[in-house]
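Numbers restart at 1 for each chain; the letters A, B, ... are given by sequence-line order, proteins then strands.
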Amino acid sequence: MNPSRDQILGSIRRSFRRGPLAPEALAACETRLVTHRRNLIPERARTLPPRGQVELFVTMAEAVNATVTRVKDARDVPAAIAEYLARFNLPQRLVRAPDPVLDELPWSGRPLLETRRGVAEDSDLVGVTACFAAIAETGTLMLHSGAAGPTRNNFLPDTHIAVVRGDQVVAAYEDGWDRLRAARGGADGGVAMPRTVNFITGPSRTADIEQKIELGAHGPRRLHIVLVEDGEAS
Amino acid sequence: MKVTSQAFKANARHALGDPNLQKAMTNLRSGFVERRAHAVSQLPEWEALRDEAVAIKKHTLAQLDFYLEEFERRVVANGGKVHWCRDAAEANAAVLAICRGLGARTVTKGKSMIGEEMGVNDYLEANGVTPVETDLGEYIIQIRHEPPSHIIAPAIHLVKEQIAQSFRETHRDLDPARQLKDSRQMCDEARAVLRPRFLAADVGITGANFLVAETGSSIIVTNEGNGDLTQTLPKAHVVLASLEKVVPTLEDAATILRLLARSATGQEFSTYTTVSTGPRRPDDPDGPGEYHVVLLDNGRSALLGGEFEDMLRCIRCAACLNHCPVYQAIGGQSYGWVYPGPMGSVLTPSLIGVDQAGDLPNASTFCGRCEEVCPMKIPLPRMMRHWREREFQRHLPPRAYRLGLAAWAFFARRPALYRVAADWAARMLGYVGRARGRFRALPLAAGWTRTRDLPAPEGRSFMSLWAARQSASRSAQ
Ligand code: SF4
């Protein structure tokens with residue numbers, strides 16, 4: 001037995017002058033845990049059509065210092081990345097997450113762009129990842145760990161480039177959770193959570209020295225989003 | 001952490017005379033206060049979201065035992081472990097045991113107020129494990145051997161010249177002739193110095209903004225990305241969290257997250273919101289092999305069901321600090337323990353005892369700003385008043401103060417006499433102070449006049465002026 005555990009639970013119950021929850025309260029709490037009831041979701045993104053959500057996502061992401069380029073077709077992604085790297089004088093060398101979505105892109109069409117598939121190392125200056133969803137409300141990317149998504153790749157490289165399909169944009173965080181539940185539903189109606197879900201809103205920053213905002217504290221200094229518009233819900 | 005709350009008055013006097021601190025504190029207003037006001041103005045649903053967040057926390061606290069057990073069940077199902085700890089000593093022992101189990105030499109740390117409460121850094125260091133703070137502000141105060149002065153911006157009391165000097169004294173292997181003039185250069189230097197520490201650490205310790213019962217997850221919110229490197233790279237991720245961090249579902253966390261960043265830094269959303277559930281899965285290419293939640297009570301369970309229960313809704317956003325005129329004037333270190341400002345004035349006596357921290361609830365002008373801006377609608381002024389009453393009942397205030405209040409009570413119960421006495425006192429003070437218009441010192445009022453002048457009254461009490469005006473207007477009709 002664990003005496004601290006029992007004492008803490010006992011102390012909580014003593015404070016409320018009760019024992020463990022009565023059956024009725026217990027049932028209400030158990031229901032709450034499995035029904036995923038939504039609380040109020042701000043109007044801002046909820047009422048927009050899909051097209052409007054994509055536009056809001058771009059506006060909000062740019063407002064927090066992310067940059068965005070749009071391409072019409074997934075096949076244009078490597079060229080857009082090469083151009084972005086050239087524009088900011090960054091090396092034409094990158095590590096890309098071992099994600100089938102990225103594997104399908106025509107990297108060989110850009111022979112000057114050196115790509116490595118795998119887990120990011122400290123020496124990797126540019127990392128490319130896909131994403132699971134994108135949240136319009138605040139311009140937020142939602143990524144999760146797994147065989148196709150090493151978490152280090154989101155944080156170690158100086159420059160993080162994320163490929164987002166238009167139909168991955170959802171209104172609110174709650175929509176992101178619903179998609180995750182749909183993709184990874186567990187036996188009990190819950191979700192088989194990945195080890196990590198990363199919500200990323202703009203590049204790394206700090207204001208710890210005299211409240212002055214500096215980008216690139218420990219994570220990426222730059223966050224670039226390549227938005228593939230052909231994947232947009234109409 | 002060492003407590004100096006008993007010396008609050010002396011600490012505050014010292015802070016008021018510290019020119020660096022006074023200069024640094026002016027950044028609060030342009031930073032946090034204005035950015036928060038802007039962010040709140042962008043969200044029409046703000047008030048409704050506050051009400052929902054309060055309801056979520058009230059519900060959770062009322063069934064805290066249930067939600068903690070559910071949380072634990074899911075952590076275990078995902079391959080992690082929960083360590084229930086009644087106090088700091090148990091929590092420190094749990095962390096050390098994890099480190100020893102992995103033969104850990106160094107641990108990286110994301111900012112954690114629970115870690116401060118435990119004094120985990122000193123404890124690990126004394127036991128041969130080196131802790132490295134990785135949040136920039138926390139790193140700065142660690143190398144300066146100082147306690148934090150703010151719950152989300154621990155180095156806010158410092159000016160950049162002080163930080164540059166600490167960097168020069170600590171990073172001795174770097175070129176002494178290098179430039180360290182602005183925050184950009186210092187930020188880059190810290191990044192370069194800390195990157196190898198992240199990669200070398202055996203254990204990563206973070207705090208938690210939320211624990212989610214539905215999934216057994218912990219959530220941290222950061223801007224720098226240090227918390228993510230801290231928990232991703234080492235062999236084990238240790239989460240330090242107190243009981244009241246738990247919420248039922250991911251939806252509930254999302255609602256409160258909408259309030260947190262806006263209240264804290266005025267951002268729409270923090271850069272990184274990270275939901276962690278258990279250790280690395282079999283097909284994960286990276287991530288820690290162990291996941292531990294050190295769950296700390298430290299007096300919280302006893303606050304439930306009582307007059308301070310509302311305090312357990314606090315999400316540590318620091319809005320009440322940022323908007324507090326007392327905090328703005330004296331900074332956070334004067335409060336003498338982990339939690340400063342209005343939330344600290346309520347929480348500190350609750351957690352370490354009113355005998356140690358009895359002065360803190362007096363550090364208030366009762367202007368009410370803290371409660372207005374608190375996203376969780378915590379009645380901070382009311383709770384400070386509770387502490388004042390309790391302290392008074394314990395006869396802790398000085399004799400002169402008690403006698404004065406007793407005299408006031410005598411007159412207050414006799415309104416006619418009160419009016420005569422007040423008018424007489426106002427005329428006397430007005431007469432004596434008429435030359436300079438203010439008093440630098442007054443017998444029995446040194447507590448006020450030591451740090452401020454007392455304006456001399458114009459000569460009559462409000463009640464007597466009012467009566468005179470009423471009768472004048474009546475006779476004019
Ligand atoms: S008391 Fe309210 S305003 Fe202060 S830190 Fe806690 S939640 Fe924020």
Which of residues 116-123 of chain A get closer than 4.5 angstrom to chain B, counting heavy atoms alone?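 When heavy atoms of chain B are the reference, residues 116-123 of chain A contributes A:Val119, A:Asp122 within the under-4.5 Å range.
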Engaged part of [X] at the chain A interface, taking heavy atoms whose separation is under 4.5 Å:
X	answer
B:Tyr291	neither
B:Glu268	both
B:Pro196	neither
B:Arg300	neither
B:Ile152	backbone
B:Ile140	side chain
B:Asp188	side chain
B:Gln63	both

Charged N to carboxylate O below 4.0 Å: is that the case for [X] and [Y]?
X	Y	answer
A:Glu174	A:Arg38	no
B:Asp252	A:Arg32	yes
A:Arg13	B:Glu69	yes

Quick one: what part of A:Thr151 sits under 4.5 Å from any heavy atom of chain B, side chain, backbone, both or neither?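 Its backbone and side chain both get close to chain B.
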B:Ser301 vs B:Leu243, test: side-chain contact (heavy atoms from CB on, under 4.5 Å). Steps then yes/no. CA-CA 8 Å; B:Ser301 58; B:Leu243 306 182; 4.2 Å; yes
Who among [options] has the most heavy-atom pairs with chain B under 4.5 Å?
options	value
A:Arg221, A:Met60, A:Lys212, A:Arg14	A:Arg221
A:Arg18, A:His144, A:Arg17	A:Arg18
A:Glu210, A:Met193, A:Glu43, A:Arg44	A:Glu210
A:Pro203, A:Gly149, A:Gly139, A:Cys29	A:Cys29
A:Ala63, A:Pro194, A:Ala25	A:Pro194

Minimum side-chain heavy-atom gap B:Gln231-B:Ile220 below 4.5 Å: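 B:Gln231 reaches B:Ile220 side chain to side chain.
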Could you go step by step and tell me if A:Tyr173 and A:Ile41 meet the side-chain contact (heavy atoms from CB on, under 4.5 Å) rule? CA-CA 9 Å; A:Tyr173 318 115; A:Ile41 296 179; over 6 Å; no
Please assess B:Asn223 against A:Thr206 for the test side-chain contact (heavy atoms from CB on, under 4.5 Å), listing each intermediate value before the final yes or no. CA-CA 6 Å; B:Asn223 279 315; A:Thr206 183; over 6 Å; no
